[in-house]
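Below: one structure, written as structure tokens.
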Amino acid sequence: MSSRTSSSASEQLGFQVLNHLQVIYAEERDEALLGLASELVEIMRLQQVGTIPLSHKNDWNEADVIMITYGDSLHQPGKRALTTLHQFLHEQCEGVINGVHVLPFFPYSSDDGFSVSDYYKVRASVGEWGDIKKLASEFRLMSDVVINHCSSESGWFQNFIKGEGVGHDYFYVANPDDDLSQVVRPRTTPLLREVETAKGVKHVWCTFSHDQVDFDFRNTDVLKEFVKVVRFYLDNGVNIFRLDAVAFLWKEVGSSCLNLEQTHEIVRLLRVLIEFACPTAMIITETNIPSRENLSYFGNANEAHCVYNFSLPPLLLHALLTGQSFYLKQWMMSMPPAQDGTAYFNFIASHDGIGLRPVEGILPDDEVEKLTETMQAFGGHISWRALDNGVNKPYEINITLFEALKGTIEGEDVLGVERFLCAHTIMLALEGIPGVYFQSLLGSLNDHERVAMTGSFRSINRHHWDYHALVELLGDDKSHYGRVFTAMKRLISIRTGQSAFHPNATQFTLHLGEQIFGFWRQGLNRRQSIFCLNNISDKPAVLLLSDLNLISTHQWSDLLSGNVFDDLHATVEIAPYQSIWLSNEK
């Protein structure tokens, strides 16, 4: 597509919107879909557009690092939580973090925000829309669009029970006699919830929990409502839209109800509307599913701008616990380079646990078992999902990353901090945009008290901090919090200055044995090369520089230690969990 001003831009928008609607609602008459297309364009205030957005355009670079956090993870007396978050970003992360993902900041009834009761309000305990706009004016702001389901306490669902008003027909109703045996579930709870309504007993679809009731996108009013939500968030400064649990969006009885074509088409439609409204805005799909299925959400560079790299956390964790890089390396070689206009979103910890579905077909069952047993020994929990044969399978590991890496499969050791930093050094260097979880930025420990209080295993990695107590800990270099935070900020600061770490820069996996996990990055202009060399084991590793085939006319130095390597045939010893960023440019 062209970026030139064009009188045909409005026609192009209308054509694209209608085309997507014809796929989603194939049985609807064209006249009805033409009317719906006009309504969506009007909701997005796009009746008059002058330019067509560029395709294959990267609206990101190596300086982009996004901190993932709840809006109320930090507290201080007399201040709104979002005000305190803003203070932390400026006082502690100035020049290091340029983007922030504030996890659901809306009123909710369960699941720490992912059971939204009102999409148009900021939760009073967190702040107000003015706080969101302030963050958005200074940082690239990501917000969740919890698009698959909402709270059973929402006004919409209460209207469903009453049988009238906005939302009374927003929810997916099924019959207990339907063949639901193929439906893919992320939970062990019953799929259908029986509800007494003014129109009789109904069985509503609940993919996740009985408090999280699934929407029915067969109803075009649901689509219109979420386009209104998107427009409202754009108006309040949101620049990145995280489509939560989007893979489950469209349901068809007799199918898996996962990754259906209509789901992909809705993502494509939202991308068109969002890009015409704000060409630099992005969509990121949250699809905690096997790797190949996850990659499908790139489409042909016409769906998600970014997909979560869900296979990375469990595979990197496995490599560091076992000292073996085979499975991590095998997976990385299978990952296609992201086209321009798309990028991987790399993370190794989040508000959720470490998902295990993304390593299905990659990590053998006995290796998964080894991983889960070690995590339980380190104080973690395992969440399960139900298969259609009645068997439960590990779905997610719930543990803080710092505690997950405090040892190996042989048990705890004294190299936990080094192992933890090695994990982040690898993640920060990989192709893609890095997302750093707030609790990992600090090196947080398992919060067993919060698990007991909430009854949710995921709360183990959702600690709430007193701001001033935290600042004191971060300033203490004898505390592991201080050591981790200082080292993490230094790593990020080095990373953001390297053109070879552009999210779309070339990446090539190196073969240097099991102990050394290595890959090569080269900048888009081909000037800077960085060889990322990581000893993922608890024993020293030996590297022959000649194995890297370094160009002898360049001067090579380690960006992390400052060491210069003049003899390109030398033997280098790499300490346990040490990383080297060997670059031809300082």
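The aromatic rings of W465 and H463 sit perpendicular, their planes meeting at an angle over 60°, well past the 30° parallel limit.
For the atom pair CG of L13 and CD of Q48, the computed distance is 11.0 Å after rounding to the nearest 0.5 Å. Of the inter-residue distances, the one linking H381 atom NE2 with S459 atom OG reads 10.0 Å to the nearest 0.5 angstrom. For the atom pair SG of C93 and CG of L441, the computed distance is 5.5 Å after rounding to the nearest 0.5 Å. D244 contributes atom CG, which lies 5.0 Å from atom CD of E286 (distance to the nearest 0.5 angstrom). To the nearest 0.5 Å, atoms CG (L21) and CD (Q16) are separated by 12.0 Å. The OG atom of S115 sits 6.5 Å away from atom NE2 of H149, with the distance rounded to the nearest 0.5 Å.
Inspection of the N461 and Q439 side chains reveals no N or O donor paired with an N or O acceptor under 3.5 Å. Judged by distance alone, the side chains of H210 and E194 never bring a donor and an acceptor atom under 3.5 Å apart. Using modelled atom types and a 3.5 Å distance limit, the side chains of S109 and E153 yield no donor-acceptor pair. Between the side chains of D111 and Q212, at least one donor-acceptor pair of N or O atoms lies under 3.5 Å. If you check the side chains of N148 and K251, you find a donor sitting under 3.5 Å from an acceptor. No side-chain donor from either of Q22 and E28 sits under 3.5 Å from a side-chain acceptor of the other. Defined by atom type and a distance below 3.5 Å, a donor-acceptor pair is missing between the side-chain atoms of S209 and D211.
At a threshold of 4.5 Å between non-hydrogen side-chain atoms, the residues F347 and P434 do not count as touching. When side chains are defined from C-beta on, Y170 does not count as touching F160, because their heavy atoms never get closer than 4.5 Å. At a threshold of 4.5 Å between non-hydrogen side-chain atoms, the residues N239 and C278 count as touching. Using a 4.5 Å heavy-atom threshold, the side chains of L270 and V227 count as touching. Counting only heavy atoms from C-beta outward, the side chains of L135 and H86 approach each other to under 4.5 Å. In this structure the side chain of Y25 never reaches within 4.5 angstrom of the side chain of Q262, judged on heavy atoms. At least one side-chain heavy atom of M44 sits less than 4.5 Å from a side-chain heavy atom of V230.
The shortest non-hydrogen separation linking L82 to V102 is CD2-CG1, 4.2 Å. Scanning both residues, A338 and A343, for their nearest heavy atoms gives CB-CA, 3.9 Å. Residues D169 and N219 approach most closely at O-ND2, 2.9 Å, considering heavy atoms. In terms of heavy-atom proximity, G432 sits nearest to N346 at CA-ND2, 3.6 Å. Nearest heavy-atom pair, T207 versus R187, reported as atom, atom and distance to 0.1 Å: O-CG, 4.1 Å. Summarising the geometry of P104 relative to D144, their closest heavy-atom pair is CD-OD2, 3.2 Å, with the distance given to 0.1 Å.
Atom CG of N300 sits in a sparse spot, with 12 or fewer heavy atoms from other residues, nucleotides or ligands closer than 6.0 Å. By the 6.0 Å contact criterion, CD on E449 is open, its count of non-hydrogen atoms from other residues, nucleotides or ligands being 12 or less. Atom NZ of K134 sits in a sparse spot, with 12 or fewer heavy atoms from other residues, nucleotides or ligands closer than 6.0 Å.
Ionic pairing of K133 and D131 is not present here: no N-O contact between side-chain nitrogen and carboxylate oxygen is shorter than 4.0 angstrom. Between R193 and D214 there is no salt bridge, since no side-chain nitrogen of the basic residue lies less than 4.0 Å from a carboxylate oxygen of the acidic one. Between E31 and R29 there is a salt bridge, since a side-chain N of the basic residue sits under 4.0 Å from a carboxylate O of the acidic one. With salt bridges taken as basic N to acidic carboxylate O contacts below 4.0 Å, one links R458 and E396.
Although no hydrogens or angles enter the test, the distance criterion places no donor-acceptor pair under 3.5 Å between the side chain of H101 and the main chain of M142. Within the 3.5 Å criterion, the main-chain N or O of Y467 finds no donor-acceptor partner in the side chain of Q76. Side-chain N or O atoms of D466 include one that pairs as donor or acceptor with a backbone N or O of A469 at under 3.5 Å. Proximity of a side-chain donor or acceptor of N175 to a complementary backbone N or O of D177 within less than 3.5 Å is detected. S255 places a side-chain N or O within 3.5 Å of a backbone atom of C257 that can act as its donor or acceptor partner. The backbone N or O of T287 sits nowhere less than 3.5 Å from a side-chain atom of E293 that would complete a donor-acceptor pair. The closest donor-acceptor contact from the side chain of T454 to the backbone of R450 lies under 3.5 Å. Judged by distance alone, the side chain of S117 and the main-chain N or O of P107 form a donor-acceptor pair under 3.5 Å.
Between F438 and Y70, the ring center distance fails the sub-6.0 Å criterion. For an aromatic pair to be called close, the ring centres must be under 6.0 Å apart, and Y120 with F106 fails this. Two rings, from F310 and F345, have their centers 6.0 Å or more apart.
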### Task
Start with the C-alpha distance between R462 and D447, add both sets of side-chain angles, then the distance that settles salt bridge (charged side-chain N to carboxylate O under 4.0 Å, His left out), and finish with yes or no.
CA-CA 7 Å; R462 299 175 179 179; D447 191 341; over 6 Å; no
### Stepwise ring-ring contact (aromatic ring centres under 6.0 Å, His included) check, Y297 with H264
CA-CA 7 Å; Y297 282 86; H264 285 282; 4.2 Å; yes
### Task
Go through the steps to decide whether E303 and R271 satisfy the test salt bridge (charged side-chain N to carboxylate O under 4.0 Å, His left out), and finish with yes or no.
CA-CA 6 Å; E303 285 190 44; R271 175 162 175 161; over 6 Å; no
### Task
Go through R242 and Y308 one step at a time and tell me if the side chain to side chain donor-acceptor pair (under 3.5 Å) criterion holds.
CA-CA 10 Å; R242 178 185 183 270; Y308 274 78; 2.9 Å; yes
#### Entry: Step-by-step salt bridge (charged side-chain N to carboxylate O under 4.0 Å, His left out) determination, R123 to D72
CA-CA 10 Å; R123 194 162 68 252; D72 57 358; 3.5 Å; yes
### Task
Determine, step by step, whether D59 and T280 satisfy the side chain to side chain donor-acceptor pair (under 3.5 Å) criterion, reporting the C-alpha distance in whole Å, the side-chain angles of both residues, the deciding distance to 0.1 Å, and the verdict.
CA-CA 6 Å; D59 288 305; T280 61; 6.0 Å; no
### Message
The test is side chain to side chain donor-acceptor pair (under 3.5 Å); show your working for D179 and S181 and say whether it passes.
### Response
CA-CA 6 Å; D179 178 12; S181 60; 2.7 Å; yes
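F171 pairs in a ring pair (Phe, Tyr, Trp, His ring centres under 6.0 Å) with only one of the listed residues (W205, F157, F217, W156), which is F157. Between Y119 and the options F232, Y233, F226, a ring pair (Phe, Tyr, Trp, His ring centres under 6.0 Å) holds for only F226.
Partners of W384 by ring-ring contact (aromatic ring centres under 6.0 Å, His included), not counting sequence neighbours: none found.
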